[in-house]
Amino acid sequence: MKRIFIIGLLFLYAFTLYSQSNIRYYFKTLDIQDGLSQNTVNAILQDKQGFMWFGTKDGLNRFDGLSFRIFKKENSALGNNFITALHEDKEGNIWVGTEAGVYVYNPLLEDFTVFDRVSDTGDMISRAVTRIESDEDSDIWISVDYQGLFHFDRVQDRLINCLHRDKRKNQLANVTRFWFEEKLCWVSLYDDNLYYTKDNFKTLFPFQDSEGKEPFKDDIINTWIMGPHNCWYIGSSNGLTEINLTTGRVRRLLNYYVRDLGFKSDKELWVGTESGLYIYDLEKGEIAHLTVSNGNDSYALADNAIYSICRDNEGGMWIGSYFGGVNYYPRQWTYFEKFYPRDDIKNFGRRVREFCESNDGTVWIGTEDKGLFHFYPESGKIEKFSHPSIYQNVHGLCLDGDDLWVGTFSGGLSRIDLLTKQVRHYQKGISPNSLDANNVFSICKTTSGDLWIGTTSGLLRYNRDTDDFTRMPELANMFVYKILEVKYESSIYALFHSIFRHYSILLNGKYKFHMVNWNN
């Protein structure tokens, strides 16, 4: 089978919202429109070959970075489409937990077999699986709603139900989470407590903190992860809790319903909740809260109900949600901030055409759909410059001392006095010294101080003394798309449409215009 690896250049897209360090997160969303079988993603796994696996409420999805392959009971031996848990064993087989049993995917055969072992108590796994893990001996452990905790001894090929009944309540145990710590096994029971056993489940001991309290009594633990400095992080219906194993001290970090946890780095813990994604900086104690945008922000989280989190081998983060599919955040080798219409700059344009730096270090931005904007690098603020004479389709910007020249499509040419913000407007006229068209595509100021204007009907030079224009007859009725001054021969290059050969014109003994074939 072809080996495909998920690498950081899969998507150089994005996500959104500020943290305390003013970093924005730009997410790429993958949902049913991109080929995902269903938008509720309960489990995420990256296998040894680099494939990403997404378990949804209607099918198992394998993603190779470009497209999805969907496994369902209709097209494979997978007997149930509601996927609840995923785990890869040491041989590379993928154990798939569903709402009605377990199936094992063989990557060589690319098909499934039902895990139909009968346990020592005479039970087969037939209900909703909550977790599948391997222990240090590579044995498989499976927790199942109201059936208990199963241990599959691979050497002896037998299935043992270790916790089929709650010893205190004499009823079927509902294990929500389990993990191993040296010789101990920790289990959480639904709406009950967190326990550990050191005698192979003959006795369950409730967890107590350094003060003898049971902080998880009557709680629902959904997730657990080992963190730095000998600390555990536990997500439950009551929030995010940190346990310092050295001191026994317990502290609550968040008070929101937590479904999954994932470390992006040793200091950065991602917390999936019912109210969005929290990014917790363990060193600084700072929290960034990411949620669905109030507007139409295509780079924000797609849903606030976060159900699964997975860090891939490249350092990218995959976020599964209940309604919004998967959000992907690639590892940022070099950080670029992205500006687009979002909650704080809703009126910003999507079609950026021109940039022009001002004398004070600020930047003017021309867009083709929303007009002219003023960017302040120090604060990151963007302001729209509105004036009735300046049309929203900006195609040319040029700084000329304290003036900013703005060319637009169908709206003529404007000159803004940056000190007073007064605007002088120019339009096409009958006079030979007026603009030859209202479609101004390019503006260029040469080292000699001359200002050149390119339109869809030719090239013009601005006359400062008379505040009008001189048309260049050699380029009459030519679409001048771009103007560039070069350092040799005092030449100006003009790029335009509909020229069918290469030739040059020496104009007034000073400027050489080089004609190029636009189509070639």
Side-chain angles (χ1 to χ4, degrees), residues 4-8 10-11 15 25 27-32 34-72 78 81-89 92-99 102-103 105 107 128-134 177 179 222-225 235 258-264 268-274 276-279 290 301-331:
I4 302 176
F5 293 87
I6 306 299
I7 57 178
L10 269 179
F11 303 104
F15 34 30
Y25 294 86
F27 291 97
K28 166 66 178 179
T29 298
L30 296 170
D31 56 21
I32 56 174
D34 304 290
L36 191 69
S37 64
Q38 207 269 344
N39 277 348
T40 299
V41 181
N42 296 316
I44 305 176
L45 168 74
Q46 185 178 29
D47 67 20
K48 291 180 173 63
Q49 300 181 78
F51 289 111
M52 297 301 304
W53 293 81
F54 306 109
T56 75
K57 288 175 66 174
D58 189 24
L60 178 63
N61 298 250
R62 189 182 72 185
F63 184 60
D64 62 10
L66 296 175
S67 61
F68 291 93
R69 180 176 178 182
I70 299 172
F71 299 94
K72 289 187 176 183
L78 180 64
N81 291 340
F82 195 120
I83 313 302
T84 58
L86 295 172
H87 174 70
E88 185 180 27
D89 65 23
N93 300 307
I94 297 177
W95 293 67
V96 182
T98 74
E99 67 172 353
V102 176
Y103 298 82
Y105 174 80
V129 176
T130 59
R131 195 77 181 181
I132 306 176
E133 293 287 350
S134 294
R177 190 67 168 86
W179 62 90
N222 298 310
T223 183
W224 163 92
I225 194 169
V258 177
R259 288 200 178 272
D260 205 4
L261 299 171
F263 272 100
K264 185 179 182 298
E268 190 172 298
L269 178 62
W270 287 42
V271 186
T273 77
E274 286 287 340
L277 178 68
Y278 290 84
I279 298 177
L290 281 61
L301 283 176
D303 185 28
N304 285 337
I306 308 301
Y307 271 52
S308 50
I309 298 176
C310 176
R311 182 183 186 274
D312 66 27
N313 297 332
E314 302 295 330
M317 300 298 290
W318 300 81
I319 313 299
S321 66
Y322 191 77
F323 291 109
V326 181
N327 290 139
Y328 174 60
Y329 174 54
R331 178 177 178 179

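Because only heavy atoms are used, hydrogens play no part in the values below, and waters and symmetry mates are left out as well, while side chains stay in.
- Closest approach of A305 to E274, counting heavy atoms only: CB-OE1, 3.6 Å.
- Counting only distance, with no hydrogens or angles, the side chain of R311 and the backbone of K264 share a donor-acceptor pair below 3.5 Å.
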Could you check L60 against I70 for side-chain contact (heavy atoms from CB on, under 4.5 Å), going step by step and ending with a plain yes or no? CA-CA 6 Å; L60 178 63; I70 299 172; over 6 Å; no
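- At least one donor-acceptor pair closer than 3.5 Å links the side chain of S321 to the backbone N or O of G325.
- For E133 (side chain) and W179 (main-chain N/O), no donor-acceptor pair under 3.5 Å exists by modelled atom type.
- Of all non-hydrogen atoms in G262 and I309, the two that sit nearest each other are CA-CG2, 4.0 Å.
- A donor-acceptor contact closer than 3.5 angstrom links the side chains of D260 and T223.
- Among all heavy-atom pairs drawn from Y322 and K57, the shortest one is OH-NZ, 3.2 Å.
- The structure places CH2 of W224 at 9.5 Å from CZ of R131, a figure rounded to the nearest 0.5 Å.
- Residues V96 and I132 come closest through the heavy atom pair C-CD1, 4.1 Å.
- Here the closest heavy-atom approach between residue P107 and residue G92 is recorded as CG-O, 3.5 Å.
- Side-chain N or O atoms of S308 include one that pairs as donor or acceptor with a backbone N or O of V41 at under 3.5 Å.
- In terms of modelled atom types and a separation under 3.5 Å, the side chain of S134 and the main chain of D89 share no donor-acceptor contact.
- At distances below 3.5 Å, at least one donor-acceptor pair connects side-chain atoms of Q38 with backbone N or O atoms of T40.
- A distance of 12.5 Å separates OH in Y105 from CG in L86, rounded to the nearest 0.5 Å.
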Set out, in order, the CA-CA distance, both residues' side-chain angles and the distance that settles side-chain contact (heavy atoms from CB on, under 4.5 Å) for I306 and R259, then state yes or no. CA-CA 7 Å; I306 308 301; R259 288 200 178 272; over 6 Å; no
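- Counting only distance, with no hydrogens or angles, the side chain of E314 and the backbone of R331 share no donor-acceptor pair below 3.5 Å.
- The side-chain hydrogen bond (donor to acceptor under 3.5 Å, both in side chains) test applied to D303 returns no partner, not counting sequence neighbours.
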Before giving the answer on side-chain contact (heavy atoms from CB on, under 4.5 Å), spell out for I44 and F63 the whole-Å C-alpha distance, their side-chain angles and the decisive distance to 0.1 Å. CA-CA 11 Å; I44 305 176; F63 184 60; over 6 Å; no
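- Between N304 atom CG and L290 atom CG the span is 10.0 Å, to the nearest 0.5 Å.
- Residues T56 and I83 have side chains not in contact (no heavy-atom distance under 4.5 Å, counting atoms from C-beta outward).
- Rounding to the nearest 0.5 Å gives a distance of 13.5 Å between CH2 of W53 and SG of C310.
- Taking the side chain as every heavy atom from C-beta outward, D34 and V326 never approach each other to under 4.5 Å.
- Distance alone, capped at 3.5 Å, places no donor-acceptor pair between the D31 side chain and the G324 backbone.
- Note that CH2 of W318 is 4.5 Å distant from CZ of F54, once rounded to the nearest 0.5 Å.
- When all heavy atoms are compared, the tightest approach of F82 to N42 is CE2-ND2, 3.6 Å.
- Going from atom CD of Q46 over to atom CG of N313 covers 4.0 Å, rounded to the nearest 0.5 Å.
- Formation of a donor-acceptor pair under 3.5 Å by the N327 side chain with backbone atoms of A302 is found in this model.
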Please determine whether side-chain contact (heavy atoms from CB on, under 4.5 Å) holds for the pair I319 and W270, giving the CA-CA distance in whole Å, both sets of side-chain angles, and the decisive distance to 0.1 Å. CA-CA 10 Å; I319 313 299; W270 287 42; 3.8 Å; yes
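- Contact check for F71 versus Y103: no side-chain heavy atoms found under the 4.5 Å cut-off.
- Between the side chain of N61 and the main chain of L36, no donor-acceptor pair closer than 3.5 Å is present.
- The shortest distance between side-chain heavy atoms of V258 and Y278 does not fall below 4.5 Å.
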